[in-house]
Peer 1: 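This is the structure I want to talk about, given as structure tokens.
Values below: all heavy atoms of this structure, side chains included; hydrogens, waters and symmetry mates excluded. Numbered from 1 within each chain, the chains take letters A, B, ... in sequence-line order.
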Amino acid sequence: MATVFGKAVKRREDPRLITGHGQYTDDVRLPGLLYAAILRSPHAHARIRKIDTSQALRHPGVVAVFTGQDIQGKMGTIPTAWLPPDSGIVTPPHHALAVDRVRYVGDGVAMVIAEDRYTARDALDLIQVEYEVLPAVVDQEAAMQEGAPQLHDEAPGNVAFHWKVGNFDPSAVQDADVVIRQRFRQQRLVPNPMEPRSAVADYNPATGEMTMWLTSQNPHIHRFLLSGILGIPEHKLRIIATDVGGGFGSKIPCYPDEALVGFAAKTLGRPVKWTEDRREHFMATTHGRDHYDDVELYGKKDGTILAIRVRATANMGAYLSTAAPGVPTILFGLIISGPYQIPYAEADVYGVFTNTTPTDAYRGAGRPEATYLLERMVDLFAREIGMDPVEVRRKNLVRAEQFPYNNPMGLTYDSGDYHGALHKALEMAGYAEFRRQQEEARRAGRLVGVGVTTYVEICGLGPSQVAGAVGFQGGLWESAQVRIHPTGKVTVFTGSSPHGQGEETTFAQIVADRLHIPVEDVEIVHGDTARISMGWGTYGSRSTPVGGSAIALATERVIEKAKKIAAHMLEVGEADVEFEEGQFRVKGAPSRQVSLGDVTLQAYLAWNLPPGVEPALEGQAFYDPSNFTYSFGTHICQVEVDRDTGEVKILRYIAVDDCGRVINPMIAEGQVHGGIVQGIGQALWEGAHYDEQGQLVTGTFMDYAMPRAHFFPTFETAFQETPSPHNPLGVKGIGETGTIASTPTVVNAVLDALSPYGVRDIEMPLTPERVWRAMKGAQEA
Amino acid sequence: MEATRMTVTVRVNGREYTRAVEPRLLLVHFLRDELGLTGTHIGCDTSQCGACTVLLNGEAVKSCTVLAVQADGAEVTTIEGLGDLSHLHPVQEGFWEKHGLQCGFCTPGVIMTAAGMLAQNPNPTEEEIREGLEGVICRCTGYQNIVRAVQYAAEKMKGAGAETEVAAAGADASAGGDA
């Protein structure tokens, strides 16, 4: 049968999701279910003097109220699981409910458990808390100043860690003709998957077993961490996360809330559900980005880039979330030289505590921040030396024959054809023609501009040995089990935990392709720790390169075993048998064959197996990649700026991405679309703002501008395929590329449009007001 | 203190339900918690995201902005009643064909919004479709394939004649609850 690898197979997950039969966590209903609500601090920084819960406890329908004092010693604190080495990192205790002090608006203070949702919420209003308000600090640079309010005794000066990497050497830039210096504000974003976080916990006091449904991107990591926090042995704790409504990084961390739900269920002996509302999501789900980046680029007049340096201060919020410290360090600093042959680079990063919601991974996680500053600097450099920004890129991009390429931070880029993707995108965009039209448009008084980004991304996280070396407190391999049932139907168990990426389909394509069976005969099981032995989850564009590769290997093991049985059935040596078109055939005598179905049945009947071969037919693999994968590409955007209002209109958006071999182009394209929109969201509209007292003033969808359908034209996308040489599928990862590339592309396009004004920088998001002020300011200068 | 309850009778997906509810109960909680129709989702608390969109007497409304008591005597169609796998509504089919969903959480609301939109304007331009989706937020798809899905549905409905009618009541009561 025809191969299904590379085909736009319709998604297997869709039938249930388009008919309302998905099961997200809040959809779970259990007999005797109680509902939880969490009282959150209205102050950014305060001492808790007294909490009076008596009135709430008397309220009809209220079953229990817990405060920080109540849970002290009965459950563990919330851990940080990424500790970058040689960074002096401190991890002050993060209590699930504040004990004596709150440190951000949204910090948990008490939890109410009631018979229904509305009653639980009503009772929050009946809890009396006496606060002593303390001075707050929300800006990371302000927090590092002397005399700033201090968040944790363990972290003097509010510094959580200081990490430095690179090979920069002043003597290396002695030949530089130009030094560009620029400061960038990488604003804070709110992930906002459409499904709010939710947890349902069901504890059986007789067996000691706990089942938790959880909005998780990595249920096994949650099992591992919650087991410790709740004191429930790992084999008695089951985490289920089958339908998860998006995550974008915000469902990686282990949060206080879900731990509290587990604690309540265990304590009360009744199932408990908690679901955040959107306001809580804004306050108490991790945010992303939030840097100041001071950057230096050294170059020569001929366009050669000699070195890049960044000093970053990253706002970590009030506590260090699960993976947070790795984001502005490892995932940022190691890739700041990007796709270019820049011999010297350095990143010097401070992670700082402030009275704000903790930050953690948000789609791209560190890599968008790195790509943004690099691409902005390349354009500033091009402008400075009077060279077309595309020429500068072309001159500095790593060349196809240089792979594998070692960047100055010690990463080895696996494969690439950066110039190929650039060329293809320029062709699609009609770049030369656009430059000509731009001249005409300018003469006619119109402000049109183009931005070009060439990027490379660390995907496929990653080799476990490297994970350990960079302080990640876990492995980054993946598990897969492929089971062919006696009737030939196949169940695949994967440690990846997709939540919108379509791997129930693409993973089935991998298996169907190898076994020569219909995709419909393959079922992908994910997101359940009781059914899947182990897994490290879905983030860092790792599911396809790592989880998919594990599946490919497990499938090969099944075929290997089946081949032994087939050879025995055909009474020939194993080396004389080949597997093609679903048949095991004797080489040179293809009419002598047995089908995979026949072999499978014999494997289960086990009446006549070859010596040393065990019954049944399944394969298992634990795949630990030997390297990361490096997706790359070129994005181009054309914009027009309204001279009178400052409004930016996107005229065209072109994306050429190379994520290695594409399993399902329809799904890959969908990933690119979504990524582009999130990245443009950062460029033009999104931004979380705190006032000086630490109040989150963008706390709802009314104040935080989410991208909408009518903000965009139709995107023009294409793929180039340069296989990764080191995994069995040749795949790389596509989930984050759009977000990484689109932000600088759009901002550079706007600044190109404004080049008649000589505007050098506008702080994101580039709202009409900011663009208008930049034009106005330039005119007046 | 037991809150005053009011009796409401609502016809949901062609089946009548009578319940005594708190006057403040939102229609979306009525559907999800009282009737167990969990296909309708809640994505925000300020009526911005549209994940909870259902058809109320044939018109797309955000069910987080309607009280259950306001729906007394009304006909409601939720995603469960729009079409099932053996007989998908053209918009549902379009979403499957054109990869109009990823995580699927906003999807029921977006499908109901699109169904309501096409009932009023069976021949929308791309711009009209994008404007018509103004009231919904999807964080995954970048909207492009949602637009394609709606275009697919519009084409399909053009050819199907009678199917262009998006009835307020669903064809049968396939999901949950008792009368």
Peer 1: Between A:Tyr24 and chain B, with a heavy-atom cut-off of 4.5 Å, which part of the residue counts as in contact: side chain, backbone, both or neither?
Peer 2: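 Just the side chain, heavy atoms under 4.5 Å.
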Peer 1: B:Gln102 and A:Gln671: side-chain donor and acceptor closer than 3.5 Å?
Peer 2: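 Per modelled atom types, B:Gln102 and A:Gln671 side chains form a pair under 3.5 Å.
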Peer 1: Is a side-chain N or O of B:Tyr143 found less than 3.5 angstrom from the main chain of A:Gly674, in a donor-acceptor match?
Peer 2: no
Peer 1: Only pairs of heavy atoms separated by less than 4.5 Å count here; which of A:His281, A:Gln23, A:Glu686, A:His499 has the most with chain B?
Peer 2: A:Glu686
Peer 1: For B:Arg139, which of A:Glu195, A:Met194, A:Arg363 qualifies under side-chain contact (heavy atoms from CB on, under 4.5 Å)?
Peer 2: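 Testing B:Arg139 for a side-chain contact (heavy atoms from CB on, under 4.5 Å) against A:Glu195, A:Met194, A:Arg363 leaves exactly one candidate, A:Met194.
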Peer 1: Salt bridge check, A:Asp27 against B:Arg32: does any charged N sit closer than 4.0 Å to a carboxylate O?
Peer 2: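 Looking at B:Arg32 and A:Asp27, the cut-off is met.
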Peer 1: Counting only non-hydrogen atoms closer than 4.5 Å, does A:Val672 touch chain B with its backbone (N, CA, C, O), its side chain (CB onward), both, or neither?
Peer 2: neither
Peer 1: If you define the side chain from C-beta out and look only at heavy atoms, does anything of B:Asn145 sit under 4.5 Å from A:His673?
Peer 2: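 Yes, at least one pair of side-chain atoms sits under 4.5 Å.
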Peer 1: Can you tell which part of A:Met666 gets under 4.5 Å to a heavy atom of chain B, answering side chain, backbone, both or neither?
Peer 2: both
Peer 1: Hey, are the side chains of B:Ile137 and A:Phe701 touching, using non-hydrogen atoms and a 4.5 Å cut-off?
Peer 2: yes
Peer 1: Please confirm whether the backbone N or O of A:Arg11 pairs with a side-chain atom of B:Trp96, one donor and one acceptor, at under 3.5 Å?
Peer 2: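 Yes, because the side chain of B:Trp96 sits within donor-acceptor range (under 3.5 Å) of the backbone of A:Arg11.
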Peer 1: With a 4.5 angstrom heavy-atom cut-off, could you sort out which part of A:Ile667 is near chain B: side chain, backbone, both or neither?
Peer 2: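 Both the backbone and the side chain of A:Ile667 come within 4.5 Å of chain B.
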Peer 1: So for A:Asp26, is it side chain, backbone, both, or neither that comes closer than 4.5 Å to the heavy atoms of chain B?
Peer 2: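 Answer is both: backbone and side chain atoms of A:Asp26 are under 4.5 Å from chain B.
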Peer 1: Does a salt bridge link B:Lys98 with A:Glu669, judged by any charged N lying under 4.0 Å from a carboxylate O?
Peer 2: no
Peer 1: What residue in A:Pro191, A:Gly246, A:Gly502 has the most heavy-atom pairs under 4.5 Å with chain B?
Peer 2: A:Pro191
Peer 1: In terms of heavy-atom proximity below 4.5 Å to chain B, should A:Asn664 be classed as side chain, backbone, both, or neither?
Peer 2: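 The answer is neither part of A:Asn664.
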Peer 1: Applying a criterion of heavy atom separation less than 4.5 Å, what residues of residues 45-53 of chain B form contacts with chain A?
Peer 2: B:Asp45, B:Thr46, B:Gln48, B:Cys49
Peer 1: Kindly indicate whether the side chain of A:Phe248, heavy atoms from C-beta on, has any atom under 4.5 Å from the side chain of B:Cys103.
Peer 2: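 Not in contact.
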Peer 1: Is the closest side-chain heavy-atom distance between B:Gln144 and A:Thr714 below 4.5 Å?
Peer 2: yes
Peer 1: Measure distances from A:Arg117 to the heavy atoms of chain B and classify the residue's part below 4.5 Å as side chain, backbone, both or neither.
Peer 2: side chain
Peer 1: Would you say the side chain of B:Leu133 lies within less than 4.5 Å of the side chain of A:His710, judging by non-hydrogen atoms?
Peer 2: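 No - every pair of side-chain heavy atoms lies 4.5 Å or more apart.
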Peer 1: Taking B:Val110, B:Val91, B:Leu25 one by one, which has the highest count of heavy-atom pairs under 4.5 Å against chain A?
Peer 2: B:Leu25
Peer 1: Is A:Arg278 reaching over with its side chain to a backbone N or O of B:Ile42, donor-acceptor style, under 3.5 angstrom?
Peer 2: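 No; zero donor-acceptor contacts below 3.5 Å.
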Peer 1: Can you list everything that forms a salt bridge (charged side-chain N to carboxylate O under 4.0 Å, His left out) with B:Glu126? Sequence neighbours excluded, please.
Peer 2: B:Arg130
Peer 1: Sort A:Arg279 into side chain, backbone, both or neither according to what part of it lies under 4.5 angstrom from a heavy atom of chain B.
Peer 2: both
Peer 1: Do B:His29 and A:Tyr118 have their ring centres less than 6.0 Å from each other?
Peer 2: yes
Peer 1: Could you look at A:Pro498 and say if it's the side chain, the backbone, both or neither that has a heavy atom under 4.5 Å from chain B?
Peer 2: neither
Peer 1: Measuring only between side-chain heavy atoms, which start at C-beta, is B:Leu88 closer than 4.5 Å to A:Thr19?
Peer 2: yes
